[in-house]
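Quick note on labels: first sequence line is chain A, next is B, and so on, each numbered from 1.
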Amino acid sequence: MQTEELLSLFKRRGVVWPSAEIYGGAAGLYDYGPVGLGVKHRLEEAWASWFVGLSPNYYLIEPAEIVPEAVVRSSGHLEHFADADVACAKCGHHARADTLLEEKGVADVEGLSPEALGRLLQEKNLPCPRCGERALSVPRPFNLMFALDFGAAGKEKAYLRPETAQGAYLSFARMWDVGRKQLPLGIAIIGKAYRNEIAPRNVLFRMRAFTQAELQIFFDPEDFTPPFDRVADEKLPCLRAADRAAGAVEPRVVTATELVQKGDIPPFYAYHLAHSLRFFRDVLGYPADRIRLLEKNEKERAFYNRIHFDIEVKLDSLGGYKELGAVHYRGDYDLSRHGEGSGTDLSVNPSGKKKFLPHVLELTFGVDRNVWGLADLHLKTETPSSSAGAGAEAEEEKGPRTLWALPSYLAPTQVAVLPLIRKMHSEKAEEIAEGLREQGISVAVPLTASVGKRYAREDEVGTPFAVTVDAQTLQDGTVTLRERDSRAQSRLPAAEIASRVRRQLVPPRPPRPAVPQAAATP
RNA sequence: GCGGACAUAGUGUAGUGGUUAGCACGCAAGCUUCCCAAGCUUGCUACCCGGGUUCGAAUCCCGGUGUCCGCACCA
C-alpha cells in the first residue's frame, strides 16, 4: 500500500489522523485514535517486556520532557542541533548560510558558528540566490529544538527534549543507588521527543512530536559479558560499512559468532544487536528477509558513536529500507559530558578496586515508525482466490477483504463478541463479553450490520478472534470461535474461550539469562 | 527550507464561471431467524482558509495552510 492509501485507512478506522484538522492541520503533528493508540500501547508493552526483560537490573523510568538549557549545552544539542538561516530582505527567500557558502566554493564551513558564518558571508558579500540582490540578513540560528520560556520570570531557558536518552543520563546517579550499585544497569524510557523538523514527511516517519523507546545500558567496558551463547548462531543480515564502501547494497548473512570473529565488534554488542533483530522478527513479526542491519561509517555516525548499526526494514509504502531502530555504542561520552557540565562525579567504583565512568550501549526504537511498519507489513488485501481458508465456502465469497494480520498480542481488541441476530442474541453476547473482560481480555461487542460485515470491520482493525453467539448458544452455551487470519471456525463452550486464546495474547519475552542463584531476597 | 503537482461528504472521486454540486463505497435507522462487506426502504455528510476579479467563483488570480514527489535536512 502507498502512504496515502494507508493514511486514508488510518483516518477511516480511527488509527491516526492529522492534528488540528479542522484548522487545516499542523505539519508534523498527528493524533492517535483509539485503534492506533491501542496498537501503540501494546507495542510499547511488548518492547518493555522484551528489553527490560533482558536483565533483572534493567528498569523502566519516566523522566521529565522539559530539560533546562544546561542539559542540552552539555549534550551538544544546543551547538550541533542547529542551522544558520539567512533571509533575503528583498524577496524573503530563506537559505542556509553554510549551503550558500559551500555553493560558492568556500571550502570548510562545517562546524562553524552562525557568527562565523555571518562574517564569511559579509566578506564574500554574496547575492540572494533567487533575486540576485545583495540583501542577505545576518544568519539567525535555527535550532531544531523547541525553546520554552521557563519559570515565572521567563528568564530561564529550557527546551522540549529532542531525544529521550538524556533523561537516562541525568538519572544515572540516582538510579545507581536505586539499582543497588550493580552493573550493567539498564535504564529504559518510552516517551515523547520533540524536534522542529524542517520538512516533516511521510506521516509517522518524521514528526515534530514523536515517541521513542530507548534502553541505555551502562556497563563496565572491561567486564560486560551477557550470555553470548544464546545468540551465537543467530543469523544477522549485516551490511557492513566496509562492504558498502566496496559497493555492496545487499546485506550478507553472518552468524553472531562470525560477526565478532574479526574483533572489531565486541560480543556484548553483537548480543544486543541480535536481540534487537529478534524483537523485530519474533515479536513484531516482520519478515526476516525485509530486515537488514546497516553499519554507519565514520562520516555518517555521530562522532561519539564507536559502533553504530541501524536496523532497517523494507517498507513498500515508503519505497525501501527505513530506519526503525538502532544500536549505538556511545562509549563514556554522555556521562563524561554531564559529569563535566554538572560538576557531579558520575564515575563509579563497584568493586572498590577501580573507579571509572561506565560506558553506554543505546538501543533505540521509533515507536510511531513501528506502528507504521506494523501497518505496512501486516495489512493485507486478500482476494477471494488467494484466500483458501474458508474451504468449501470459498465460492460464496464476494469481494476482497482487508485484514490487519497483527500478531495477536499487538491487537487493540483481542476478542469481538458478535450476536448473530441483534435482537435475539445481544444479551447473551454481553454476558459472555463481560466474562472475558473479567479475565483481562480486551473485548468489543459490535451490534450493527450483518455478521459478515462485522467480521470484515474487525479484520481491518486487527482483532484476532471473533466469537459468534447464536440460537444454539442460548440452548447449550456453545459459541463459534473464528480466527482472523484463516477464518477457520470451531464450536466450543463459551467458558473455554479465554483459556483457548489467552496464550496468544502475551508477547514473547527473551529467554531468561542464567542468573547466579544468590540467596533469595526475603 | 527550495522546486513541481495537488486540495470537492467519513473514504475514493465527477464536475473547470451560472449545476437542486453527481457517483461509488461508507455510516445511521428500519425490515429481513442473518456465520463472512447480501438485499430492500429511509436518511446523513463536502467545494481547505483568507483576500481579489466578476452581475455571479467550488471553478479564474494572489496569499496562507496542508499533502504528495524530487532536492536539501535528519548532531
Side-chain angles (χ1 to χ4, degrees), chain A residues 2-5 7-14 17-29 72 75-83 85-87 92-96 98-100 102-103 110-111 129-130 142-145 162-163 195-203 205-207 210 300-305 310 318-319 322-323 328 333 366 382 384 387 389-390 393-394 396-403 418-425 447-460 466-472 474 479-484 487-489 491:
Chain A
Q2 290 309 296
T3 296
E4 279 171 300
E5 280 178 87
L7 182 59
S8 70
L9 187 128
F10 273 17
K11 291 190 327 203
R12 199 157 43 79
R13 286 297 180 212
W17 55 78
S19 203
E21 263 187 305
I22 61 169
Y23 284 99
L29 300 179
V72 288
S75 69
H77 287 91
L78 202 53
E79 191 183 347
H80 296 295
F81 221 58
D83 293 324
D85 177 75
V86 292
H93 181 79
H94 280 259
R96 288 181 47 188
D98 53 352
T99 316
L100 280 179
E102 251 167 21
E103 281 166 358
E110 208 171 302
R130 185 156 76 183
F142 172 81
N143 198 288
L144 259 38
M145 289 191 293
E163 62 176 24
R195 295 182 191 177
N196 195 9
E197 294 285 357
I198 294 170
R201 273 304 152 82
N202 294 329
V203 193
F205 253 75
R206 199 187 300 172
M207 298 199 289
F210 58 103
E300 293 165 327
R301 65 183 190 238
F303 68 91
Y304 47 75
N305 273 338
D310 278 349
L318 300 175
K322 294 289 163 185
E323 178 196 347
H328 304 140
Y333 174 77
E382 262 184 11
S387 62
E393 290 156 39
E396 283 178 40
E397 290 166 19
K398 298 285 199 272
R401 67 162 178 161
T402 303
L403 79 158
L418 322 187
L420 184 63
I421 299 167
R422 185 176 184 173
K423 272 193 233 163
M424 306 178 68
H425 311 126
L447 299 174
T448 65
S450 72
V451 79
K453 185 171 272 189
R454 281 177 280 159
Y455 285 145
R457 287 175 187 161
E458 294 300 328
D459 284 344
E460 214 169 42
V467 163
T468 306
V469 174
D470 60 13
Q472 199 185 328
L474 302 180
V479 295
T480 14
L481 177 67
R482 174 212 189 241
E483 272 178 58
R484 177 197 62 203
R487 293 199 257 200
Q489 295 191 338
R491 189 110 206 156

Problem set entry | Rounded interatomic separation in angstrom, taking CD from A/E483 and P from B/rC36 | 17 Å
Set out, line by line, the N/O atom pairs under 3.5 Å between protein and nucleotides 72-74 of chain B.
residue	atom	partner	partner atom	Å
B/rC73	O2	A/R206	NH1	2.7
B/rC73	N3	A/R206	NH1	3.3
B/rC73	N3	A/R206	NH2	2.9

For this session: Assess whether one donor atom and one acceptor atom, taken from the side chain of A/T480 and the base of B/rC35, lie less than 3.5 Å apart.
Result: yes
For this session: Check whether any side-chain nitrogen or oxygen of A/S450 sits under 4.0 Å from OP1 or OP2 of B/rA38, and answer yes or no.
Result: yes
Contact list (N/O, under 3.5 angstrom) for nucleotides 9-13 of chain B vs protein:
none

Seminar exercise, completed: Between CG of A/L420 and C1' of B/rU32 the distance, given in whole Å, is 12 Å
For this session: Sequence neighbours left out, what passes ring pair (Phe, Tyr, Trp, His ring centres under 6.0 Å) with A/F10? Give chain and number order.
Result: A/W372
For this session: State whether the distance check finds a donor on one side and an acceptor on the other, under 3.5 Å, for side chain A/E163 versus base B/rA75.
Result: yes
For this session: Evaluate the side chain to side chain contact (heavy atoms under 4.5 Å, CB included) criterion for residues A/E460 and A/R13: first the C-alpha distance (whole Å), next the side-chain angles of each, then the deciding distance (0.1 Å), finally the verdict.
Result: CA-CA 8 Å; A/E460 214 169 42; A/R13 286 297 180 212; 2.3 Å; yes
Exercise. Which whole-number value in Å describes the distance from A/L474 CG to B/rU33 P?
Worked result: 16 Å
Exercise. Any donor-acceptor pair under 3.5 Å joining the side chain of A/R482 to the base of B/rC35?
Worked result: no
Problem set entry | Below 4.0 Å: OP1/OP2 of B/rC69 and any side-chain N or O of A/N202 | yes
Exercise. Whole-Å distance between B/rA7 C1' and A/L7 CG?
Worked result: 14 Å
Problem set entry | For A/S19, all residues meeting side-chain hydrogen bond (donor to acceptor under 3.5 Å, both in side chains), sequence neighbours excluded | A/D31
Exercise. With sugar-phosphate meaning primed atoms plus P, OP1 and OP2, does A/F303 contact a base, only sugar-phosphate, or nothing at under 4.0 Å between heavy atoms?
Worked result: nothing
For this session: Specify whether A/Y333 and A/F303 have parallel, tilted or perpendicular ring planes, treating 30° as the upper limit for parallel and 60° as the lower limit for perpendicular.
Result: perpendicular
Problem set entry | A/E5 CD - B/rU67 C1' separation (whole Å) | 15 Å
For this session: Would you mind telling me which of B/rC36, B/rA29, B/rA37 lies closest to the side-chain atoms of A/R422?
Result: B/rA29
For this session: Examine B/rU32: is either OP1 or OP2 under 4.0 Å from a nitrogen or oxygen in the side chain of A/K423? Give yes or no.
Result: yes
Problem set entry | Option passing side-chain contact (heavy atoms from CB on, under 4.5 Å) with A/L420 (candidates A/V469, A/T480, A/V451) | A/V451
Seminar exercise, completed: Interatomic distance, CG@A/N202 vs OG1@A/T3, rounded to 0.5 Å, equals 5.0 Å
Problem set entry | Base versus backbone protein contacts along nucleotides 45-51 of chain B [heavy-atom cut-off under 4.0 Å; B, S, -] | -------
Problem set entry | Interatomic distance where CG belongs to A/L418 and C1' belongs to B/rA37 [whole Å] | 13 Å
For this session: Give A/T448 one of three labels, base, sugar-phosphate or nothing, depending on what nucleic acid heavy atoms sit under 4.0 Å from its own.
Result: sugar-phosphate
Problem set entry | Duplex segments of RNA chain B, taken as runs of at least three Watson-Crick or G-U pairs that stay under 3.5 Å | B:1-7 with B:65-71, B:10-13 with B:22-25, B:26-31 with B:39-44, B:48-52 with B:60-64
